[in-house]
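Every heavy atom of this structure was used, including side-chain atoms; hydrogens, water molecules and symmetry mates were not. Along the sequence shown, the residues carry numbers beginning at 1.
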Amino acid sequence: MSGKIIAKNKENISFATVLLKGTGYGGSTNEQGIYHIQAPAGEYTLVVSVLGYDPVERKITLHAGERLKQNVVLTSHNTELQEVVVVSNGINRVKRSAFNAIAVDANELQNTTKNLSDALVKVPGMKLRESGGVGSDMQLMLDGFSGKHIKVFIDGIPQEGVGSSFGLNNIPINFADRIEVYKGVVPVGFGTDAIGGVINIVTKKRRRGWFLDASYSYGSFNTHKSYVNFGQTFDNGFTYEINAFQNYSDNDYYVDNAVKDFTTGAIDNSKIEHVKRFHDQYHNEAVMAKAGVVDKPWADRLMVGFTYSHMYKDIQTGVRQDIVFGGKYRKGHSLMPSLEYRKRDLLVKGLDAALTANYNKNSTQNVDTARYEYNWYGDMRPLRTPGEQSYQHTQSDNNNWNGVLTLNYRLTRAHMFTFNHVMNVFKRNNTSLLTNERMTDAIAKETRKNISGLSYRFMPSERWNLSAFGKYYKQFIAGPIATSTAQDKYERITNTVSTLGYGAAGTYFILPELQVKLSYEKAYRLPNNEEMFGDEDLETGSINIKPENSDNVNVNLSYSTTFGGKHSLYVEGGWVYRNTKDYIQRTIQSLSGGKYGAAYENHGKVLTNGYNLTVRYGFSRWFSIGGNFTQMDARDNVKTISGGSSQESITYKSRMPNIPYMFAGTDATFYWHNLGREGNLLTVAYDNLYMHSFPLYSEALGKQNAYTVPEQFSHNLTLTYSMQKGRYNLSFECRNLTDEKLYDNFSLQKAGRAFYGKIRVYFGNK
C-alpha cells in the first residue's frame, strides 16, 4: 500500500509515522509526504501520527497481489501533553518530543490482571518496589530516584493527595489507553517539581457512540478484582462515562522469618520458620463519573466529574518484617469533584487552553488499640499497655485543592510558546477518637505550592526541534513544632521558600531511523506533605526539611527500522547524570521496645550516574521479544563529616543505601491469529525480572553491610485467548513461576508462586 499524508491546508507532512497497528510493518513519509508499506494480506488498522497533529486510525484490508492507495488528511493539534505515540511491541519512544519520553501501550495488556504500576516494568530504568501483596505500600523507582521524586498525573492532572486507594498499584490496566514516562527533565506543560521524572496516565477519549468494557479476575490468596467502564457520546456532543473498580485480597501468603518466643521474649534469627500471613486483608473500591460536552464552538471538551474511593487495610508488619501485628488497621475514603475545560484556537488562532481543577477531601483513620501482642505463629499474649506500635485511634482529614492552567500559542508552525501554572493547597487536621469526646489538634498542618513555567519551542522541520524553559517555585508551610522535651507543648511555625529553575532539550534525526536526544534541567523538588508531616502512624515527617535541587542531564540515542517486509528492530541507549543537593532520604529508625519507624531527612549531596540499554525485535504479526538493562550508581557525595571540617566522611563515594542499582528484564510474546475462527487471537507471553542484591545501610559501615536485599530472578507467564475481535477474552496467569523469594524492600517479603484467571467482555465502539 502507499499514499500521501497532508494537512488540511494541503501542505505535505514529512517524517510522519505510518504503521499497521500491532505489527512491525510501517515507516515514515518522505519530504513530499509519501509513504510505502509492504505487508501480508489481511485486515489491519492503519495508524498515522506526527507531532502537532491529531492521530488517525483507519481500518484497511490488504488483498494478495493488489496495491492499495490510502491518502490521509491530518488535523493540526499542537499540545505537548498529547504528543502522538505509536507503539510497537507494547513500548516505544515519544519520537517527536525533545524530552526523554517513553510510552507503554496499555491496550496490549488489557486482558491481563496487571495494574498500572505492573505495566511500567518494561520501561528502561523503571523498578517497581512494593512492601507486600495487593494494596501494600508502593514506590516507583526511575533512574535511581524513587517515591516522591516521581510525580504522577492522569491526563495531565496532578494526583497529589488522592489517597492510597487510588495509587497506581490499585488502578487496573484497562483504565488507561497508554502510559507516558518522562525521565529526568520534565516539560513545562506538566508544571511540576519532579526531579526523578513524571508518569502521565492517558485515558481513552476519542470513542464515539456507546461502549461497555467489563472484567472480573480471581486468583491466589483469595484475590478478587473487577472493573467496569461504560459511556456514550451522542451526535449533539453530550458525553458521559462511568469507571468503577474494586480489589480484594486476604494476602495470606507464606513468608520466611524468625518467630518471637513468648516464653523467653527473644527472637532467634538463626531459626527461620515458614509462616503464613494472617492479618493482611485489603480491599478498595472506586467510582469515577464524568459528564459534559465535546466538539462545541466554545469548548473542545468541557467535563465535570466526581470520584469516590474507599479503602480498608489490615497492617501485618511495620517498616520491617521482624515485628508482626495482629490488630492494627487503617481505613479511609476520598471524595473528589473535578472540572476539565479544553479549547483550541481560544479567542485567537493558534492559542490553545486547558484548565483543570479538583478538590479532594480525604479522610484516613489509623487504629492501633489492640491489647495483645502477636508473633508469626499467630500466638498472642496480653500487653501491659494497649497499642502494638503506638496506642492511637486517629482520624486525619486532608483537604487538597489543585488547579492547572496551560496555554499553548503557535506563532507560526516553527514557533510555539507554552505557559503553565499549578496551584496546590493542602490542609490536615488530626483528631483523636480514643475517648468519647473528639480531640482535634489545635494546630493544623498546611502547605501552599505554586509553580509557574514558560517555554519556547523552535521546530523548523520534522527532523529537529529545540525547547528552552524556565520555572518559578514557591511554597508556604505551616505546622506545629514541639517546644518542650516531653513534646507536650507545641507552637505554630511558618516558612516560605521560593526559587527559579531552568533547562533546555533538543532532538535531531541523524537518519530517519536514528535519533539523538539531549536535555538538561536545573530542577527543584519541594518536599511533599508526607515528608513534612509524616503519615500519622509509621512514618515521621520533618517540617524543617529543605527542598532538593539537582542538575539533571539525559542523553539518548535510539534506532528503529523495519526490513525484509516482516522484521522490525528497535535499539536504544541512554546515559543519565544527576547531581543532587539536599537529597531527601527515607531512613529506618530504631524505636523503644524493639520497634521500628521511618523518617525523612536531607542528605547533603548525592551523585547519580548510570545508563540504560534496550533491544526489541518483532517478526510480522507473530512474535516479539525484547529486554532492557539498567545500571544506576547513586553515590554519597558529601566529602567531609560536617561543614568547615577537613575530616573526610567514611561514607564519601560509597553507594547510597536501600536503592537497587542493577536490574534487567526480558519479555517474549507469541501471537496466533485466527485460531479457531477468523478474528480470534491466542497470545502467549513470558517475562522475567532480575535484580542484583543491594544493601540496606551504607556499604562503608562495616557489619551492618550484612543487611542486604538478596539477588532475585523471577518469571511470569500469561496465556490469553481473545474471540470475535476482542469482544470476549479469557486469560490465565502464573506469577513468580519458580516460587522465588522476592523482596523490594529490606525483609518485607512478597508473595510466592500465584495463579490468576480473568474474563473480559467489550461491546460497542472502540
Side-chain angles (χ1 to χ4, degrees), residues 148 158 160-164 193 319 328 330-336 358-369 386-387 389-403 422-451 473-498 525-548 582 584 586-587 589 591-592 595 597-602:
K148 285 79 177 173
E160 293 193 40
V162 296
S164 61
D193 56 333
V319 296
K328 255 177 84 69
R330 181 178 299 155
K331 63 180 181 178
H333 67 270
S334 176
L335 304 170
M336 185 172 69
N358 63 62
Y359 165 69
N360 184 1
K361 174 71 173 179
N362 179 275
S363 181
T364 302
Q365 291 188 25
N366 288 295
V367 183
D368 187 1
T369 57
Q389 172 89 3
S390 58
Y391 183 49
Q392 67 164 324
H393 185 178
T394 303
Q395 178 174 305
S396 297
D397 292 308
N398 302 308
N399 296 276
N400 291 271
W401 293 263
N402 287 289
V422 172
M423 179 194 71
N424 173 262
V425 179
F426 170 84
K427 185 176 182 179
R428 177 188 292 171
N429 289 290
N430 291 327
T431 302
S432 176
L433 306 179
L434 285 173
T435 61
N436 292 331
E437 183 178 349
R438 297 165 64 99
M439 299 179 62
T440 301
D441 292 350
I443 303 174
K445 300 172 179 179
E446 306 170 68
T447 63
R448 292 196 299 270
K449 180 168 68 174
N450 287 273
I451 303 174
Y473 309 83
K474 186 175 182 180
Q475 185 178 40
F476 168 81
I477 308 160
I481 190 168
T483 57
S484 65
T485 54
Q487 294 193 336
D488 56 355
K489 295 181 180 180
Y490 295 84
E491 68 177 28
R492 184 176 186 265
I493 65 166
T494 63
N495 186 30
T496 301
V497 295
S498 62
R525 187 179 76 84
L526 306 172
N528 74 355
N529 302 321
E530 191 169 297
E531 291 165 333
M532 291 183 290
F533 307 131
D535 67 353
E536 312 299 340
D537 185 18
L538 299 173
E539 302 200 352
T540 304
S542 172
I543 198 171
N544 294 316
I545 203 162
K546 300 175 185 177
E548 296 173 303
D582 292 322
I584 299 176
R586 182 179 183 266
T587 62
Q589 296 181 330
L591 306 176
S592 60
K595 300 174 183 178
Y600 295 91
E601 64 183 20
N602 288 112

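Judged by distance alone, the side chain of Glu446 and the main-chain N or O of Ala478 form no donor-acceptor pair under 3.5 Å.
Remark: the Thr364 side chain and the Asn362 side chain contain an N/O donor-acceptor pair separated by less than 3.5 Å. Looking only at atom types and distance, the side chain of Asn366 has no donor-acceptor partner in the side chain of Ser396 under 3.5 Å away.
Atom OG1 of Thr369 sits about 7.5 Å away from atom NE2 of His393, to the nearest 0.5 Å. Between atom CG of residue Asn398 and atom CG of residue Asn430 there is a gap of 8.0 Å, rounded to the nearest 0.5 Å. Here CZ of Arg428 is found 9.5 Å from CE of Met532. Values are rounded to the nearest 0.5 Å. Note that the CD1 atom of Ile477 and the OG1 atom of Thr447 stand 7.5 Å from one another [nearest 0.5 Å]. Put simply, NE2 on His333 and CD on Gln365 are 9.0 Å apart, with the number rounded to the nearest 0.5 Å. Summarising the geometry, atom CE belonging to Met336 is positioned 5.0 Å from atom CG belonging to Asn358; distances are rounded to the nearest 0.5 Å.
Nearest approach of Ile584 to Glu531, heavy atoms of both residues: CG2-OE2, 3.5 Å. A pairwise comparison of heavy atoms in Leu434 and Gln392 identifies CD2-C, 3.8 Å as the closest pair. A pairwise comparison of heavy atoms in Ile443 and Pro480 identifies CG2-N, 3.7 Å as the closest pair.
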Asn400 vs Val425, side chain to side chain contact (heavy atoms under 4.5 Å, CB included): CA-CA, chis, key distance, verdict: CA-CA 6 Å; Asn400 291 271; Val425 179; over 6 Å; no
Could you go through the side chain to side chain contact (heavy atoms under 4.5 Å, CB included) check for Ile493 and Asn544 one step at a time? CA-CA 10 Å; Ile493 65 166; Asn544 294 316; 3.9 Å; yes
Evaluate side chain to side chain contact (heavy atoms under 4.5 Å, CB included) for Asn360 paired with Phe426, printing each intermediate quantity in order. CA-CA 10 Å; Asn360 184 1; Phe426 170 84; over 6 Å; no
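For the salt bridge (Lys or Arg N to Asp or Glu O under 4.0 Å) test, residues two or more places apart in sequence or in another chain that qualify with Asp368 are Lys328. Scored by the ring-ring contact (aromatic ring centres under 6.0 Å, His included) test, Tyr359 finds Trp401 as partners (sequence neighbours excluded). Annotation: side chain to side chain donor-acceptor pair (under 3.5 Å) contacts of Thr431 (sequence neighbours excluded): Thr440. Partners of Lys449 by salt bridge (Lys or Arg N to Asp or Glu O under 4.0 Å), not counting sequence neighbours, listed by chain and number: Glu160, Asp193. For Asn450, the side-chain contact (heavy atoms from CB on, under 4.5 Å) partners two or more places apart in sequence, or in a different chain, are His421, Met423. Arg448 meets the salt bridge (Lys or Arg N to Asp or Glu O under 4.0 Å) test with no other residue; sequence neighbours excluded.
Considering only heavy atoms from C-beta on, Pro386 comes within 4.5 Å of Tyr391 through its side chain. Ile545 is not listed as a side-chain neighbour of Asp582, based on a closest heavy-atom distance of 4.5 Å or more. Within the 4.5 Å cutoff, the side chain of Lys445 has no heavy atoms near those of the Ile543 side chain. Ser363 has its side chain within reach of Gln395: a pair of non-hydrogen atoms, C-beta onward, lies under 4.5 Å apart.
Residue Lys361 qualifies as enclosed at atom NZ: its count of foreign heavy atoms under 6.0 Å is above 12.
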